[in-house]
Structures are given as C-alpha cells and as structure tokens.
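One structure below.
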Number of protein chains: 2
Amino acid sequence: MNFRDILVFLYIAENTKSKNIFSTAEIAEVVGSSQQTISRKLRELEKFGLIARRPTVKGTEILLTPEGKSFLKKIYASSKAALFSSEWPTITGFVCTGLGEGSYYVSLPQYYEQFKSKLGFQPFRGTLNLKTKRPVDKIVDNKIPIVIDGFVTKKRSFGKIFCYPILIEDKIRGALIFPERSNQLKDVIEIIAPVNLRKEFGLRDGSKISLKVI
Amino acid sequence: MNFRDILVFLYIAENTKSKNIFSTAEIAEVVGSSQQTISRKLRELEKFGLIARRPTVKGTEILLTPEGKSFLKKIYASSKAALFSSEWPTITGFVCTGLGEGSYYVSLPQYYEQFKSKLGFQPFRGTLNLKTKRPVDKIVDNKIPIVIDGFVTKKRSFGKIFCYPILIEDKIRGALIFPERSNQLKDVIEIIAPVNLRKEFGLRDGSKISLKVI
DNA sequence: ATTACTAACTTACGAGTAT
DNA sequence: TATACTCGTAAGTTAGTAA
C-alpha cells in the first residue's frame with residue numbers, strides 16, 4: 001500500500017499557485033518520506049510528463065504540464081463522482097397480478113418482525129408484483145442482500161428471503177424480495193413498502209413504475 | 001512511479017454505489033495490473049482500514065469504510081483546491097515617492113520592447129513605488145521571474161531586470177520589477193502597469209494598495 | 001468461476017555521501 | 001544549503017497453481 005506518489009503530486013498541484021520553488025526535503029517532510037525518495041519521484045514525475053522541473057541551488061522549480069493538469073482533473077472528476085453521483089441502478093417495471101404468495105409470507109409474524117428490524121420500516125401486509133423487460137439478476141447479483149432467516153413450524157419449513165433496498169418512484173423506500181424457494185418467473189419481481197403502493201400511486205395492472213436499487 | 005493504489009481505490013469508490021461485488025480480474029483489467037496484485041491490494045486496503053471486504057466464490061464484496069470515505073473526501077478536497085482555489089500570495093503596499101530611477105529605465109527602448117513582448121502589455125512610462133510592511137523576498141523567491149535582459153551601450157552597461165506578474169487591486173495586470181543592480185531599499189518595491197496607476201486609482205503618497213503575485 | 005499461496009524476479013527505499 | 005548517486009535491504013509484482 002503506497003499512496004506516496006499521489007500525495008507528492010497533489011502537494012505540488014495544490015501549492016504550485018503560490019510558489020514554484022520546492023525543496024525535496026520539504027516535500028519529504030509533508031508526505032512522510034526521505035529527501036532521496038522525493039528527489040527520485042520528482043524525476044519520475046517529470047519522465048512521466050506530469051510536471052516540468054528545473055533543479056537549482058535554491059530548490060527545484062516545478063510547474064504542472066498540461067498532461068499533469070489533465071491527470072489532476074481526472075482525479076478530481078473521479079473522486080467527485082464517487083462522492084456525489086447518485087447513479088443507482090434503475091429498474092422499470094409494469095404492475096401485474098401475482099399469486100398472492102408474497103402477501104401471505106410477509107404477514108407471517110416470524111418474517112414480519114425481521115422485515116421491521118432489518119429493513120427499517122413496517123411493511124404494508126401485501127406485495128406489489130412487477131413484470132420487468134429484462135431479468136434483474138445482473139443488478140441484484142452485484143449487490144449485497146439483506147437476509148431474512150427462514151424458520152420451521154410443526155407443519156412445514158419456510159426458507160430464507162433475500163431483500164434488496166430500493167427507492168420507489170424516487171419517493172418511497174421499499175425492498176425487492178426474493179424467496180429462496182419461489183415459483184415466480186424470473187422476469188416478475190415482488191416488492192414491499194411501508195404503504196399500499198397501488199393506492200399511493202393510483203396503480204392498476206400495466207402501470208409503469210421505476211425502482212432504484214440503493 | 002505507481003498510481004495503482006489510488007486507481008484501485010478510486011475505481012472501487014466510484015462503482016460501489018451500483019454494485020458491491022467486484023472480481024479481482026475485473027479491477028486488474030481496469031487499472032492495468034495482474035489479478036494476483038489486485039487480490040493483494042484489496043487485502044492491503046482492508047488492513048489499512050479503507051474498505052470492508054468479503055471474498056466469495058462469485059467475487060469479492062466490497063464496501064467503503066467511514067475511514068475510506070474520509071480518505072476519498074481528502075483526495076477530492078485536495079484536487080479541487082489544486083484546480084479551483086485562487087489563493088495567490090498577496091502584498092499590501094503604501095504609495096511612496098521613489099528616486100525616479102525606475103521611470104527612466106522603463107523608458108529605455110532596449111528594455112521597453114522586452115517589457116512589451118515578455119509581459120504582454122505596453123507599460124505606462126513610469127513606475128509606482130510602494131513601501132511594504134514586510135520584505136517581499138520570501139514571496140518572490142519562490143516564484144519564477146520573467147527576465148528582462150541587460151544590454152551595453154558605449155557609455156555604460158545596463159543589468160537584467162527581474163519581473164513578477166501581479167494583479168493590482170484585483171483589477172489591473174502589472175509586474176513587480178527588481179533591477180539586478182538596485183539602490184532601492186528591500187522594503188520598497190517598484191511596479192509597472194499598462195496605465196498610470198496614480199491616476200487610475202486616485203493615489204497619493206501613503207495610499208494603500210493590494211497586489212496579488214500571480 | 002472465483003481468491004490467494006509460493007517463488008522468482010523487479011522495483012522502491014533511504015543512509016551515507018558526492019557534487 | 002541544495003540535488004542526486006551508490007548500494008544493501010525491503011517491498012512490490014506476477015506466472016504458475018492450489019483451493
């Protein structure tokens with residue numbers, strides 16, 4: 001693990017406006033390295049085309065090259081995107097009628113209590129079924145599910161349920177739910193929310209709805 | 001020269017919103033490295049406290065830790081400052097009457113033509129003398145001067161003049177000028193500009209004026 | 001498919017020191 | 001003072017594989 005190169009570069013980039021003469025010892029002090037290493041790094045940065053350099057007896061004159069400025073912009077754009085972009089993957093679905101399975105399962109107290117504590121909301125006792133154009137496998141495969149544990153009763157056993165938090169129509173938090181054992185088709189997904197979504201958004205079969213997997 | 005660490009980190013930071021499962025081979029491809037190196041780097045990043053990691057058969061689940069997010073913010077702040085901050089060193093001076101030397105030198109055609117071509121403006125044929133509280137040595141010592149070459153006539157020789165571009169009162173571009181051989185005191189500086197600054201700003205002896213060394 | 005260990009090789013680091 | 005060369009040691013890289 002070695003962030004020295006970027007630290008040296010950013011130190012120069014930040015300070016090159018107020019001065020152009022740096023000493024290798026000064027930079028070494030700032031980034032926690034030796035004078036010799038900085039001397040070498042400056043020559044490498046120059047060879048790399050990121051800085052223009054002229055050593056003098058007073059220190060080393062340093063200017064960022066156009067390539068250096070371009071690299072700086074890339075770092076800026078990348079860190080900015082990482083911090084502020086909200087490009088959650090989006091799913092478009094069309095309301096359809098399900099088998100009613102989901103509603104039954106959600107209402108089971110052993111599941112219901114887990115939904116409340118693990119998802120952070122009290123689900124409406126029903127699910128909304130959506131038909132999607134493309135299978136959502138690729139999206140959820142790359143996300144970490146919230147796992148609702150299964151349980152056993154005298155009569156039968158109930159499997160796990162995998163949940164993925166979503167934002168419905170950019171307004172309401174909810175979750176995609178995937179029962180471990182399911183009879184659903186792959187292009188039909190089931191969602192739960194704290195409210196009755198059909199009423200909330202005035203939905204009927206065929207209505208279009210957007211989900212962001214957050 | 002090795003920017004791999006930061007590239008790996010930024011790639012994860014940028015993509016962790018849309019997915020949490022990465023493969024070492026995928027990251028290796030992006031940053032131009034081997035699968036083995038990325039495997040090691042991820043373990044190092046985890047040890048360093050920047051990411052939380054859980055390898056699975058499908059890939060490696062990765063989340064940024066609070067420390068990772070904090071580090072990301074530092075990179076962002078630093079690159080942003082380097083790109084957009086305009087913190088030029090500022091000098092505050094008080095108008096005083098000089099020896100008239102400067103005005104004479106500036107008007108000499110051998111110097112005047114160089115001022116025009118090297119500074120990018122046609123100087124007013126006079127200089128403004130300023131008394132400063134602190135010597136400006138430390139500021140200009142770290143900047144690269146524009147050098148006006150000396151010349152020789154039959155009568156005598158004229159030395160170099162060192163110029164530092166400035167912004168006067170945040171409005172007018174000008175330059176600090178330091179004759180190689182000067183009788184000026186160290187806390188008195190001389191500036192030139194495309195206009196008569198005394199008229200432009202209605203200055204009299206003792207008037208305060210600000211300069212940014214750009 | 002994955003991740004990650006081993007081992008051989010390459011590169012980086014910095015104390016001493018020259019310039 | 002400054003930069004930077006030498007060189008012994010430390011750390012990083014990756015092909016070949018194991019798991």
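Hydrogens, waters and symmetry mates are skipped; everything else that's a heavy atom, side chains included, is used. It should be emphasised that the depicted structure is a prediction, and the values quoted were computed from it without experimental measurement. Below, read A as the first sequence line, B as the second, and so on, with proteins coming before strands; counting in each chain starts at 1.
- The side chain of B:Asn2 contributes an N or O atom lying less than 4.0 Å from OP1 or OP2 of D:dT13.
- For the pair A:Ile21 CD1 and D:dT1 P, the computed distance is 18 Å after rounding to whole Å.
- A heavy atom lying under 4.0 Å from DNA chain D marks the following residues of residues 28-39 of chain B, by number: B:Ser33, B:Ser34, B:Gln36, B:Thr37.
- Out of D:dC5, D:dT14, C:dC13, the shortest distance to the side chain of A:Arg40 is found at C:dC13.
- Geometrically, A:Lys19 engages A:Phe22 in a cation-pi contact, judged by NZ or CZ lying under 6.0 Å from the ring centre and within 45° of the ring axis.
- Note: B:Phe71 and B:Phe48 fail the aromatic proximity criterion, with ring centroids not under 6.0 Å apart.
- Side-chain contact, A:Glu14 with B:Ser78: a donor N or O sits under 3.5 Å from an acceptor N or O.
- In this structure, B:Arg4 does not reach the C:dA12 phosphate: none of its side-chain N or O atoms is under 4.0 Å from OP1 or OP2.
- No engagement by A:Arg54 is indicated, since no non-hydrogen atom pair under 4.0 Å with the nucleic acid exists.
- In this structure, A:Arg43 contributes its side chain and A:Ser39 its backbone to a donor-acceptor pair below 3.5 Å.
- Side-chain N/O atoms of A:Lys41 include one lying less than 4.0 angstrom from OP1 or OP2 on C:dC13.
- Counting only heavy atoms from C-beta on, A:Ser23 has its side chain closest to D:dA2 among D:dA2, D:dT13, D:dG12.
- If you run side chain to side chain contact (heavy atoms under 4.5 Å, CB included) between A:Ile27 and each of A:Val8, A:Thr37, A:Thr60, A:Leu7, only A:Val8 comes through.
- Of the candidates B:Tyr111, B:Tyr112, B:Tyr105, B:Phe151 forms a ring-ring contact (aromatic ring centres under 6.0 Å, His included) with just one, namely B:Tyr111.
- If you measure from atom CD of B:Glu44 to atom P of C:dA12, you get 15 Å, rounded to the nearest angstrom.
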